[in-house]
Amino acid sequence: IPRLYKLAALYKSFGVKTVTGGKHVEHLPEEALSNNIDVVVLGEGENTIKDLLLTWQEGQSLEKVSGIVFRKAGKIIKTAKQPLIDDFEEIPLPDFNLLRYAKMKVYPLARIRGCNMNCEFCVVKEKVRCSPPQHIMRQIAYLVETRKAREFFETSDHFAANRDDAIAFCRLLRDYQEKAKVKISMTVQTRINDARDTELLQAMKEAHIEYLAIGFESPIDEELRAMRKGYLSKDMIRWTRTLHRYGFSIHGMFIFGYPPKKTPGHRLTLENKTGLFYSFIKKARIDTVQILLTIPLPGTELRKRLEKEERVYSQE
């Protein structure tokens, strides 16, 4: 975010308008407007950005644009909320031909928006909305046939947020590969407890979904409870073995140093925590690992909890 504001200052020095969106500025719009940003977009931006650019082009008041925050005569104005997008077929498919000089190997697919989980550290809380399976398959077929795409990353936070749609998509993907005589490699982000759904796993396997990116987050039960993950480390070990039996490669994503809720009792040392992470990853035989430090993002319940406990340093 500090880097964003530095870039905004550079653009402002050229005399151009600056617009930004995303969860950080959505929850701290005043901060953004005080750091060389002209307009903050709240929520999804496809419809908002069209309205905003046309309004500027026609020299009209920004107050007619839904889903933005801006300054007017020193006052911060927040306009009416922009509705969530439900009909994804109205949105044009991404045009990767615009990336004339980029050598794309893995193509991103956005099938689902929102998340039906309630993790303490996460800001994605919008209701789940799924793109129709046939719509996303049209995009895959177009990229395979025009750009020779063979590898895809499905960016949804939870691949099986709508289980029936996920299975229908997998079957369409399987049938397309058989008909077109191509093999597609796909990575999806999913929940570890999806391992309990054998019909889903079989459909994913038949569709040649090879890699699962899974937020294990922590092997420490006290931290998992604070995160509200809904399961414990012993469950994750068992489910990981199930996923391996189906032939999936697993990319494990972790958060290190998660602050448990204040309770009396013994606190683990840094050395203890490191040892638990190491032994869990080894025992679960996770194929690749990504470990990040805890960040109390603005808008999360984790941030609110730590602020209440006076555990967040001021920016100064």
Give the C-alpha distance, both sets of side-chain angles, the deciding distance and a yes or no for side-chain contact (heavy atoms from CB on, under 4.5 Å) between Lys148 and Leu143. CA-CA 6 Å; Lys148 294 183 169 43; Leu143 292 170; over 6 Å; no

I need the [X] [atom1] to [Y] [atom2] distance, nearest 0.5 Å.
X: Asp197; Y: Thr242; atom1: CG; atom2: OG1; result: 12.0 Å
X: Glu210; Y: Phe248; atom1: CD; atom2: CZ; result: 10.0 Å
X: Cys170; Y: Met186; atom1: SG; atom2: CE; result: 8.5 Å
X: Asn35; Y: Thr20; atom1: CG; atom2: OG1; result: 11.0 Å
X: Leu200; Y: Lys205; atom1: CG; atom2: NZ; result: 13.5 Å
X: Asp175; Y: Met137; atom1: CG; atom2: CE; result: 9.0 Å

Could you give me the CA-CA distance, side-chain angles and deciding distance for Asp38 and Tyr11, then say whether side-chain contact (heavy atoms from CB on, under 4.5 Å) is met? CA-CA 11 Å; Asp38 291 310; Tyr11 292 130; over 6 Å; no

Side-chain H-bond candidate by donor/acceptor type, [X] with [Y], under 3.5 Å:
X: Arg147; Y: Asn97; result: yes
X: Thr300; Y: Arg303; result: no
X: Gln82; Y: Thr48; result: yes
X: Asn272; Y: Thr269; result: yes
X: Asp221; Y: Ser233; result: yes
X: Lys125; Y: Asn118; result: yes
X: His158; Y: Gln189; result: no

side-chain contact (heavy atoms from CB on, under 4.5 Å) with [X]: which residues, sequence neighbours excluded?
X: Lys304; result: none
X: Asp235; result: Tyr231, Leu232, Arg238, Trp239
X: Tyr258; result: Glu120, Phe121, Glu223, Ala226, Met227, Ile255, Thr294, Leu302, Arg305
X: Gln60; result: Thr55, Glu58, Lys64

Decide if atom [atom1] of [X] counts as having more than 12 heavy atoms of other residues, nucleotides or ligands within a radius under 6.0 Å.
X: Tyr142; atom1: OH; answer: no
X: Glu178; atom1: CD; answer: yes
X: Lys183; atom1: NZ; answer: yes
X: Glu307; atom1: CD; answer: yes

One pair to check against salt bridge (charged side-chain N to carboxylate O under 4.0 Å, His left out): Arg113 and Asp157. What are the steps and the verdict? CA-CA 8 Å; Arg113 295 190 186 185; Asp157 286 311; over 6 Å; no

Determine, step by step, whether Arg171 and Glu206 satisfy the salt bridge (charged side-chain N to carboxylate O under 4.0 Å, His left out) criterion, reporting the C-alpha distance in whole Å, the side-chain angles of both residues, the deciding distance to 0.1 Å, and the verdict. CA-CA 8 Å; Arg171 288 173 179 161; Glu206 290 173 4; 5.6 Å; no

Side-chain donor/acceptor of [X] to backbone N/O of [Y], under 3.5 Å:
X: Asp287; Y: Ile250; value: yes
X: Arg150; Y: Ile184; value: no
X: Gln177; Y: Leu173; value: yes
X: Arg196; Y: Asn193; value: yes
X: Ser66; Y: Lys81; value: no
X: Glu26; Y: Gly43; value: yes
X: Thr18; Y: Asn36; value: yes

As a quick check of understanding, evaluate side-chain contact (heavy atoms from CB on, under 4.5 Å) for Tyr107 and Ile140, giving each step before the final call. CA-CA 9 Å; Tyr107 287 81; Ile140 292 172; over 6 Å; no

Apart from Phe88 itself, which Ile, Leu, Val, Met, Phe, Trp or Tyr residues share its cluster (side-chain heavy atoms under 4.5 Å, direct or through members)?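 ILVMFWY cluster around Phe88 also holds Ile85, Ile91.
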
Other than Ile37, what residues sit in its cluster of Ile, Leu, Val, Met, Phe, Trp and Tyr side chains whose heavy atoms are under 4.5 Å apart, directly or through others?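 Ile1, Leu4, Tyr5, Val25, Leu33, Val40, Leu42, Val69, Ile76, listed by chain and number.
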
Any chance you could lay out the salt bridge (charged side-chain N to carboxylate O under 4.0 Å, His left out) test for Lys23 and Glu126, step after step, and finish with the verdict? CA-CA 12 Å; Lys23 296 298 185 182; Glu126 295 85 6; 2.3 Å; yes

Go through the steps to decide whether Arg71 and Ser34 satisfy the test side chain to side chain donor-acceptor pair (under 3.5 Å), and finish with yes or no. CA-CA 10 Å; Arg71 282 191 197 274; Ser34 300; 2.9 Å; yes

Checking side chain to side chain donor-acceptor pair (under 3.5 Å) for the pair Glu151/Ser185: CA distance, chi angles, key distance, verdict? CA-CA 5 Å; Glu151 294 183 46; Ser185 172; 5.0 Å; no

Matching residue for Glu63 among Lys78, Lys75, Lys72 - test: salt bridge (Lys or Arg N to Asp or Glu O under 4.0 Å):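 Result for salt bridge (Lys or Arg N to Asp or Glu O under 4.0 Å) with Glu63: Lys72.
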
Can you name the one residue among Lys229, Arg267, Lys273, Lys261 that meets salt bridge (Lys or Arg N to Asp or Glu O under 4.0 Å) with Glu222?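 Result: among Lys229, Arg267, Lys273, Lys261, Arg267 is the only option passing the salt bridge (Lys or Arg N to Asp or Glu O under 4.0 Å) with Glu222.
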
Measure up the Phe254 and Phe216 rings against each other and bin them: parallel (under 30°), tilted (30 to 60°), perpendicular (over 60°).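 Parallel, since the angle between the ring planes stays under 30°.
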
Does Asp165 come within less than 4.0 Å of Arg111, counting only side-chain N to carboxylate O?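 Salt bridge between Asp165 and Arg111, a charged N being under 4.0 Å from a carboxylate O: no.
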
Under a 4.0 Å threshold between the charged nitrogen and the carboxylate oxygen, would Asp86 count as salt-bridged to Lys127?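 A salt bridge is present here (some side-chain N lies under 4.0 Å from a carboxylate O).
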
Verify same cluster id: Met236, Tyr211 (apolar side-chain graph, 4.5 Å):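 Met236 and Tyr211: separate clusters.
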
Checking Ile214 against His251 for the side-chain contact (heavy atoms from CB on, under 4.5 Å) test, could you report, in this order, the C-alpha distance in whole Å, the side-chain angles of both residues, the deciding distance, and whether it holds? CA-CA 6 Å; Ile214 296 174; His251 177 68; over 6 Å; no

